[in-house]
Amino acid sequence: MAAAVAVASGSGTPREEDGTAGETAASQPPAPTSAPGARLSRLPLARVKALVKADPDVTLAGQEAIFILARAAELFVETIAKDAYCCAQQGKRKTLQRRDLDNAIEAVDEFAFLEGLSFEERSLCA
């Protein structure tokens, strides 16, 4: 019979309700927060913004759009790298090679838009 924790009206801070003497409120683990100085994006947002501005079709791009584009690029690189690593493992290797990326592009339908592009053209797409 742990004492209930309720939010004090107006203050937004938890307080203990009346409970049996000697009992303590069951503490909830704190909400996950990023460590001080931790980055939400692994890609430099200034570089992503420069790439977006290089497109003549784009006139304005807000910070949220830049962040979403950076995060999408991270997820794309992570996905294709994992699939390429699976191709390397099938060849009993731990090191990714260009042919592993080519095999992943051919094997995964989501990467069909990359088929037929040269390596230089692919690096411009990603």
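- Summarising the geometry of T95 relative to A88, their closest heavy-atom pair is O-CB, 4.0 Å, with the distance given to 0.1 Å.
- Hydrophobic clustering, with ILVMFWY side chains joined whenever heavy atoms are under 4.5 angstrom apart, keeps V108 apart from Y85.
- Residue L43 comes nearest to A73 through the heavy atom pair CD1-CB, 3.7 Å, listed as atom of the first residue, atom of the second, then distance.
- Atom-to-atom distance recorded for R98:CZ and N103:CG is 11.5 Å, nearest 0.5 angstrom.
- I66 contributes atom CD1, which lies 9.0 Å from atom CG of L51 (distance to the nearest 0.5 angstrom).
- No more than 12 heavy atoms of other residues, nucleotides or ligands sit less than 6.0 Å from atom CG of L60.
- The CZ atom of R99 sits 15.0 Å away from the CD1 atom of I105 when rounded to the nearest 0.5 Å.
- Distance check: D83 CG to E78 CD gives 10.5 Å after rounding to the nearest 0.5 Å.
- Heavy-atom minimum distance, A70 versus L45: CB-CD2, 3.6 Å.
- Within the 4.5 Å cutoff, side-chain heavy atoms of L101 are placed close to those of I80.
- In this structure, C87 and R93 approach most closely via the heavy-atom pair O-NH2, 4.4 Å.
- Taking the six-membered ring where tryptophan is involved, the planes of F76 and F111 are perpendicular, since the angle between them exceeds 60° and thus also 30°.
- E74 contributes atom CD, which lies 11.5 Å from atom CG of L69 (distance to the nearest 0.5 angstrom).
- The backbone N or O of Q97 sits less than 3.5 Å from a side-chain atom of D100, completing a donor-acceptor pair.
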